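One structure is given here, and the rest of the page talks about it.
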Amino acid sequence: MNSKRKTLPYQTPTLDPCAVRPVMKQVSRRHASATFDRVEGVSLHDVARDYGTPVYVVSEKSLRDSCREFRKTFEGRYPDVVHAWSYKTHYLSAICQVFHDEGSWAEVVSGFEYGIAESLEVPGEKTIFNGPHKTDAELAKAFSRGSMVNLDSFAELDRVIALAKRMGRRLDVGIRLNVNLNYPPWDKFGFSVESGHAAEAARRAHASGRLRVTGLHMHLGTYITDPGIYARGMEKMGELAQELEGRHGTPMEYFDVGGGFASTNTLHSQFLKGEAANPTFEQYAEAICTPLARRLPFLKARPRLFVEAGRCLVDESACLLTRVLSLKLLSNGIKAAIVDGGVNLLPTSYWYKHDIQALKDSSFGLEEYHVLGCLCMQIDVIRSAVPLPPLSAGDLLVVRNVGAYNYSQSMTFIQPRPAWLLVSGGRVDVIREGETSEYIRALDRIPDRLPPEGGPAGEARRR
């Protein structure tokens with residue numbers, strides 16, 4: 001016997017039927033945002049070695065290609081289109097800056113996001129301020145910088161009328177609409193068209209003598225897979241615009257259709273893969289631009305069209321690289337791979353069947369795994385029933401198409417959040433450092449009445 005042979009720990013064997021299936025590289029309907037083991041020529045194995053795991057990797061080329069294709073698709077159907085990058089989708093400065101470099105405006109829904117756009121030197125007149133919570137100070141700054149402000153409620157309308165009086169000027173505003181097109185209704189935001197609230201908001205604005213309604217905005221929902229919802233929404237927006245122009249005489253300078261466009265990710269409720277079932281840029285553009293073009297002869301002027309795309313432009317640009325920590329056999333007989341990421345890093349796991357691939361040879365067939373995170377809670381499931389090659393502890397997995405909302409909605413829970421990397425033409429830049437314990441606890445404060453147990457004050461208290 002060879003005395004140098006490595007002795008492995010004993011594990012109870014399991015016998016599984018191993019179906020041999022072909023492994024297909026799924027290519028996006030728009031562009032391949034990452035190959036099987038490389039992003040823009042950079043090896044993900046090298047990334048894991050140099051930066052550790054978990055770690056997010058973003059392709060700059062994918063961001064730029066998506067933005068250009070989206071804008072070109074809409075511009076081919078309407079002569080005056082502006083894309084405004086949706087900050088809530090992903091507000092890391094480097095990501096936002098890529099879109100601004102491509103000519104996109106900023107669309108923000110809070111003073112926090114407005115501040116990010118301002119720090120990136122986005123001109124006020126190229127910033128759209130939406131959302132239900134805008135303080136008086138934030139509104140004053142936005143109007144003084146020439147930003148577009150879309151009003152969300154009657155309370156906000158009254159506050160802006162008062163603000164205009166204090167500023168001693170007449171302000172141009174937009175009215176945010178909600179339209180009864182979805183089930184359940186997407187009616188938390190804006191003024192209802194069907195109830196007449198939208199028309200009443202415009203009447204009050206003009207009657208104040210301090211405001212002019214020069215635009216209409218709507219955000220019809222999120223992950224909308226039926227382009228017909230946009231078509232019907234544009235019809236109602238056009239009808240209202242024609243009514244308001246006839247009543248108040250002020251031309252509508254812009255229509256803002258919001259966002260909500262689906263990416264190629266697959267929802268848990270979908271049978272077909274998202275890349276096959278979800279609409280293309282062309283289908284969305286046709287649904288929006290055709291009703292608008294039909295309405296133009298009845299309007300006083302041709303409005304500018306704003307589109308606030310977010311998810312569909314950034315989702316496919318990013319992946320999360322994670323490492324297998326251990327393997328377990330669950331009570332239902334399915335194997336589980338425990339990885340060093342978790343749903344705190346991938347909140348979209350609750351919505352998507354994420355595309356997960358192993359960075360190893362799969363020529364020996366695939367097995368079915370539940371991919372589970374490292375958090376101490378049972379619902380930390382990144383994806384169930386994923387076909388993967390036989391795994392071992394230490395193997396690398398890549399979770400693809402994770403660019404939207406997985407930064408802005410992530411949380412520090414049990415584990416610090418990892419770094420984000422931007423890859424461009426073979427170059428790797430850190431665009432957000434991984435969190436440390438010191439960073440996370442920097443804002444903690446301990447009252448004097450709660451001294452550390454091991455210190456002199458703690459000893460004195462116990463005595």
Side-chain angles (χ1 to χ4, degrees), residues 74 77-78 81-84 86 88-89 107 109 128-133 148-157 173-206 213-248 250-262 278-279 283-296 298-299 302-312:
F74 274 80
R77 290 166 172 79
Y78 193 75
V81 180
V82 173
H83 169 243
S86 168
K88 69 178 182 292
T89 309
E107 185 267 325
V109 294
I128 304 172
F129 199 0
N130 294 318
H133 179 40
M148 289 170 49
V149 177
N150 293 307
L151 305 183
D152 192 78
S153 66
F154 285 111
E156 188 171 76
L157 170 62
V173 297
I175 295 292
R176 185 168 184 175
L177 314 177
N178 71 64
V179 187
N180 190 11
L181 296 173
N182 299 320
Y183 184 81
W186 194 267
D187 55 4
K188 173 184 175 181
F189 308 102
F191 302 90
S192 168
V193 172
E194 289 82 5
S195 70
H197 288 170
E200 173 62 14
R203 187 197 67 77
R204 290 192 197 180
H206 286 283
V213 176
T214 58
L216 298 175
H217 173 279
M218 64 182 178
H219 186 65
L220 297 172
T222 188
Y223 220 85
I224 298 174
T225 56
D226 176 11
I229 290 178
Y230 289 97
R232 294 188 291 275
M234 289 302 295
E235 288 283 2
K236 293 203 173 189
M237 181 180 276
E239 290 172 5
L240 180 62
Q242 187 176 345
E243 175 188 339
L244 296 182
E245 286 187 348
R247 182 177 300 168
H248 305 293
T250 302
M252 287 296 151
E253 297 177 4
Y254 67 88
F255 284 1
D256 190 332
V257 74
F261 310 106
N278 294 342
Q283 289 171 303
Y284 285 125
E286 192 68 26
I288 292 168
C289 296
T290 299
L292 177 55
R294 285 199 300 262
R295 182 63 55 177
L296 288 180
F298 306 100
L299 299 176
R302 185 180 67 197
R304 171 171 279 184
L305 174 63
F306 287 93
V307 188
E308 299 167 356
R311 186 199 313 265
C312 67

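Fair warning: this is a prediction, and the values are worked out from it, not measured in the lab.
- Checked against side chain to side chain donor-acceptor pair (under 3.5 Å), Glu286 has the following partners two or more places apart in sequence or in another chain: Arg77, Thr290.
- Side-chain atoms of Asn178 come within 3.5 Å of backbone N or O of Phe189 as a donor-acceptor pair.
- You'll find the side chain of Thr222 reaches within 4.5 Å of the side chain of Arg311, heavy atoms only.
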Open item on the list: Using the rule given for side-chain contact (heavy atoms from CB on, under 4.5 Å), can you reason through Arg295 versus Gln242, listing the C-alpha separation, both sets of side-chain angles and the distance that settles it, and then say yes or no?
Closed with: CA-CA 8 Å; Arg295 182 63 55 177; Gln242 187 176 345; 2.6 Å; yes

- [ ] Check the pair Asp256 / Leu216 against side-chain contact (heavy atoms from CB on, under 4.5 Å), numbers first and verdict last.
- [x] CA-CA 6 Å; Asp256 190 332; Leu216 298 175; over 6 Å; no

TODO: For the pair Tyr284 and Tyr230, evaluate ring-ring contact (aromatic ring centres under 6.0 Å, His included) and give the outcome as yes or no after the intermediate values.
DONE: CA-CA 8 Å; Tyr284 285 125; Tyr230 289 97; 5.6 Å; yes

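- Counting all heavy atoms, side chain and backbone alike, Leu299 lies closest to Phe255 at CD1-CZ, 4.0 Å.
- Judged by distance alone, with hydrogens and angles left aside, the side-chain atoms of His83 form a donor-acceptor pair with the main-chain N or O of Ala309 at under 3.5 Å.
- Taking Ala202 as the reference, Val213, Leu244, His248 meet the side-chain contact (heavy atoms from CB on, under 4.5 Å) condition, with sequence neighbours excluded.
- Judged as a side chain to side chain donor-acceptor pair (under 3.5 Å), and not counting sequence neighbours, the contacts of Asn150 are Asn130, Tyr254.
- Scored by the ring pair (Phe, Tyr, Trp, His ring centres under 6.0 Å) test, Phe129 finds Tyr114 as partners (sequence neighbours excluded).
- Put simply, CD on Glu107 and OG on Ser86 are 5.0 Å apart, with the number rounded to the nearest 0.5 Å.
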- [ ] Verify ring-ring contact (aromatic ring centres under 6.0 Å, His included) between Phe261 and Tyr223, making sure each step is shown before the conclusion.
- [x] CA-CA 5 Å; Phe261 310 106; Tyr223 220 85; over 10 Å; no

Open item on the list: Go through it in stages, so that I can follow the logic: the residues are Thr214 and Val173, the test is side-chain contact (heavy atoms from CB on, under 4.5 Å), and I'd like the CA-CA distance, side-chain angles, deciding distance and then a yes or no.
Closed with: CA-CA 6 Å; Thr214 58; Val173 297; over 6 Å; no

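- When side chains are defined from C-beta on, Pro291 counts as touching Glu235, because their heavy atoms get closer than 4.5 Å.
- Among residues two or more places apart in sequence or in another chain, the ring pair (Phe, Tyr, Trp, His ring centres under 6.0 Å) test is passed with Phe74 by Phe70.
- Note: Leu151 CG to Ile175 CD1 = 5.0 Å, rounded to the nearest 0.5 Å.
- Side-chain atoms of His197 do not come within 3.5 Å of backbone N or O of Ala199 as any donor-acceptor pair.
- The CE atom of Met218 sits 7.5 Å away from atom CG of Leu177, with the distance rounded to the nearest 0.5 Å.
- Under the side-chain contact (heavy atoms from CB on, under 4.5 Å) criterion, Ser153 pairs with Ala155, Glu156, sequence neighbours left out.
- Note that CD1 of Ile229 is 11.5 Å distant from CD1 of Ile288, once rounded to the nearest 0.5 Å.
- A pairwise comparison of heavy atoms in Pro303 and Met252 identifies CB-O, 3.6 Å as the closest pair.
- Between Ser192 and Asp187 the shortest side-chain heavy-atom distance does not fall below 4.5 Å.
- For the pair Val307/Val81, a side-chain contact is recorded, criterion being any heavy-atom separation below 4.5 Å from C-beta on.
- Here the closest non-hydrogen pair linking Gly131 and Asp152 is O-CB, 3.8 Å.
- Listed here is the closest heavy atom pair of Phe298 and Glu245: O-OE1, 4.4 Å.
- Between Thr225 and Asn278 the shortest heavy-atom distance is CG2-OD1, 3.5 Å.
- For Asp226, the salt bridge (charged side-chain N to carboxylate O under 4.0 Å, His left out) partners two or more places apart in sequence, or in a different chain, are Arg232.
- With sequence neighbours excluded, no residue satisfies ring pair (Phe, Tyr, Trp, His ring centres under 6.0 Å) with His217.
- With sequence neighbours excluded, no residue forms a side chain to side chain donor-acceptor pair (under 3.5 Å) with His206.
- For Lys236, the side-chain contact (heavy atoms from CB on, under 4.5 Å) partners are Val179, Glu194, not counting sequence neighbours.
- Take Arg302 and apply the side chain to side chain donor-acceptor pair (under 3.5 Å) test, not counting sequence neighbours, and it matches no residue.
- Within the 4.5 Å cutoff, side-chain heavy atoms of Leu296 are placed close to those of Tyr78.
- In this structure, Asn180 CG and Leu220 CG are separated by 11.0 Å, a value rounded to the nearest 0.5 Å.
- Applying the side-chain contact (heavy atoms from CB on, under 4.5 Å) criterion to Arg204, with sequence neighbours excluded, gives Phe154, Leu157, Glu200.
- Interatomic distance, CE of Met234 versus CG of Leu292, reported as 4.5 Å (0.5 Å rounding).
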